[in-house]
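Note on naming: letters A, B, ... go to the chains in the order of the sequence lines (proteins, then strands), and numbering restarts at 1 for each one. Both backbone and side-chain heavy atoms feed into the values below; hydrogens, waters and symmetry mates do not.
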Amino acid sequence: MIKAVRGTRDLLPPDTALWNFVEAAARDVFRAYNFQEIRTPIFEETQLFSRSVGEETDIVSKEMFTWEDRGRAQSDKGQSLTLRPENTAGVVRAYVEHKLWERGLNKLYYIGPQFRRERPQKGRYRQFYQIGAEVIGPPTAGSESPARDAEIIELLATFLDRLGIAGWNLELNSVGCPNDRASFNEALRKALRPVVSKMCADCQRRAVTNPLRVFDCKVPEDQPIIAKLPRISQFLDEPCRKHFRELQGILNSVGVPFAINDRLVRGLDYYTRTAFEFTHGALGAQNAVLGGGRYDGLSESLGGPSAPGIGFAIGEDRLVMSLKESAEPVLRRPDVYIAPLGPGMNREAARLARELRRHDLVVELGDESFRLKKSFETATRVGAKFTLIVGENEVKADSFAVKNLETGEQVSVRRQELVARIQSDR
RNA sequence: GUGGGAGUAGCUCAACUGGCAGAGCACCGGACUGUGGCUCCGGACGUUGUGGGUUCGAUUCCCAUCUCCCACCCCA
């Protein structure tokens with residue numbers, strides 16, 4: 001048997017109703033904040049990701065689905081293509097390519113699948129779905145302002161509250177400018193040198209490859225050492241400090257609760273200044289339901305103009321998972337089950353079904369070969385509110401038996417009154 | 001990529017130390033030829049994840065492999 005490949009899955013009813021509910025809520029919220037939708041290709045040139053996300057990151061170094069496309073001519077070397085592992089790079093590429101600043105498009109959102117070749121786990125799939133948004137634009141448009149950061153974060157709080165997701169936590173940090181990060185990295189390496197030999201194997205490796213990640217260590221014995229290490233907050237220059245202070249001021253003003261976590265570091269190279277993460281308890285080890293941050297230099301590194309930006313990505317799979325704890329998906333049940341009874345009745349039933357559906361009623365249609373008992377059983381099973389019997393008697397009298405399956409009450413309704421009658425009792 | 005657990009009917013799960021693969025729910029039919037839910041009776045249900053091996057005989061033991069779950073790594 002052919003099965004869905006490792007790390008991918010089918011989303012089936014009734015779950016798809018929940019997914020649609022989440023996406024509809026997201027679109028509603030985006031509209032209120034005047035974001036517009038963008039859809040970028042599902043694969044891009046590999047270079048886009050290695051240059052923006054970062055050559056040394058786990059995503060680029062070992063988690064991308066990459067292949068070489070065939071060249072046009074036999075002799076051509078094909079180009080290297082990659083299924084997108086995240087969507088910010090694609091959006092910024094489109095921003096630069098189409099000069100979107102000239103059209104005043106600076107608030108964009110997307111909903112769609114992303115791909116990473118990781119070991120699957122609960123809440124982690126190789127094809128996963130993200131809902132994300134980006135605010136990006138020339139500095140003169142205010143895109144650098146902490147007001148944009150605050151607006152994005154407040155939007156997210158609104159969205160989660162609206163979905164009825166209780167118990168989320170917001171963690172906030174600033175990772176500074178590239179300069180700050182460089183001097184911090186230097187200081188961190190220096191501080192680690194004398195103590196690193198006493199730390200766990202993972203940390204020894206991190207100290208070499210990516211010192212920032214030492215802060216993620218969960219080994220208890222290492223914690224006293226980590227506590228004494230320098231913090232990024234000590235290395236922020238004055239503009240970055242001010243930016244971070246102002247962001248906190250606005251969040252306090254609008255009443256979005258947060259906690260400063262000066263160990264929060266984002267994995268991707270392009271992040272600057274604001275970094276944040278919303279977590280939810282019910283998700284096990286993969287507790288981050290969404291993350292985001294600022295990327296002031298990304299446009300330039302992709303050959304575009306200066307265009308500071310901030311964005312986020314919601315892990316839709318994880319969001320739906322935590323939503324499932326509280327809400328069961330609700331499918332719309334059929335209003336009417338039409339039971340054609342006897343030879344030739346399919347024709348009449350089809351006409352009636354068409355008529356009812358035109359009036360926005362949900363109709364399930366049986367078959368003239370079914371015995372009436374079977375029709376009623378089916379009507380009950382699919383959850384129809386009414387059964388409409390279409391038999392020879394009804395057609396002759398032009399008046400149809402309509403039975404309310406919840407009350408058991410049955411009446412005879414003339415053809416002209418069917419729609420009105422069913423709509424009013426629905 | 002590393003370590004651990006699990007795969008048996010559509011679903012949830014049984015099957016002693018290696019001895020005829022089962023139950024509940026769901027599904028189909030009948031009791032009831034134009035009336036559902038409740039009840040009763042009957043039916044179909046299977047490559048025991050896959051491929052090898054040991055054995056008279058393997059769901060059970062061994063090897064390989066695939067998938068899921070848990071943790072690590074990392075992230076949404």
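OP1 and OP2 of B:C69 both lie 4.0 Å or more from every side-chain N or O belonging to A:Q121. Under 4.0 angstrom from either OP1 or OP2 of B:C28 there lies at least one side-chain N or O belonging to A:R381.
Within a 6.0 Å sphere centred on CZ of A:R263, heavy atoms belonging to other residues, nucleotides or ligands number more than 12.
Among the protein residues, A:G342 comes within range of no part of the nucleic acid, since none of its heavy atoms lies under 4.0 Å from any strand. Nucleic acid contact for A:E277: none, since no nucleic acid atom lies under 4.0 Å from a heavy atom of the residue. Among the heavy atoms of the strands, none lies under 4.0 Å from A:F386. Using a 4.0 Å heavy-atom distance criterion, A:A313 is classed as a sugar-phosphate-only contact. Nucleic acid contact class of A:N393 (heavy atoms, under 4.0 Å, all strands): base. Contact annotation for A:L290: backbone-only contact, meaning every heavy-atom pair under 4.0 Å involves sugar-phosphate atoms and none involves a base. Among the heavy atoms of the strands lying under 4.0 Å from A:G7 are primed sugar atoms or P, OP1, OP2 only; no base atom is included. Using a 4.0 Å heavy-atom cutoff across all strands shown, A:I389 reaches at least one base atom of the nucleic acid.
Taking only distance into account, the side chain of A:R119 meets the base of B:G3 through a donor-acceptor pair shorter than 3.5 Å. Below the 3.5 angstrom threshold, one finds no donor paired with an acceptor across the side chain of A:K373 and the base of B:U35. Between the side chain of A:R318 and the base of B:C75, at least one donor-acceptor pair of N or O atoms lies under 3.5 Å. For a distance-only test at 3.5 Å, the side chain of A:E394 qualifies as a donor-acceptor partner of the base of B:G34. On a pure distance criterion of 3.5 Å, a polar donor-acceptor pair joins the side chain of A:R124 and the base of B:C74.
Within the 6.0 Å centre-distance limit, the rings of A:W67 and A:F43 are counted as a close aromatic pair. Aromatic pair A:F30/A:Y109: centroids less than 6.0 angstrom apart.
Among the nucleotides B:G30, B:G1, B:G34, the one closest to the side chain of A:R371 is B:G30. For A:K122, counting side-chain heavy atoms from C-beta on, the closest listed nucleotide (B:C70, B:C32, B:G36) is B:C70. Taking every side-chain heavy atom of A:Y125 into account, B:C69 is the closest of B:C68, B:C69, B:U35. Each of B:G36, B:C70, B:G34 was ranked by its minimum atom distance to the side chain of A:L405; first place goes to B:G36.
Here B:G1 presents its C1' atom at 11 Å from CD of A:E118, a figure rounded to the nearest Å. Summarising the geometry, the separation between CG on A:D58 and C1' on B:C72 is reported as 13 Å, rounded to the nearest angstrom. At whole-Å resolution of the value, CG in A:L388 and C1' in B:G34 are 14 Å apart. Whole-Å rounding puts the A:I338 CD1 to B:G34 C1' distance at 17 Å.
For the pair A:T8 and A:K62, nearest-nucleotide mapping onto RNA chain B gives the more 5' position to A:T8. Nearest-nucleotide assignment on RNA chain B puts the 5′-proximal partner with A:K3, out of A:G292 and A:K3.
Using a 4.0 Å cut-off between charged nitrogen and carboxylate oxygen, A:E348 and A:R415 count as a salt-bridge pair. We find that A:E377 and A:K374 are not joined by a salt bridge, their nearest charged nitrogen and carboxylate oxygen being 4.0 Å or further apart. A:K324 and A:D15 are joined by a salt bridge, as a carboxylate oxygen and a charged side-chain nitrogen come within less than 4.0 angstrom of each other.
Both distances falling under 3.5 Å, in either a Watson-Crick or a G-U wobble arrangement, place B:G10 opposite B:C25. Pairing for B:U39 is with B:A31, a Watson-Crick or G-U wobble pair whose two hydrogen-bonding atom distances lie under 3.5 Å.
Ring geometry for A:Y270 versus A:Y295: interplanar angle over 60°, hence perpendicular rather than tilted (30 to 60°).
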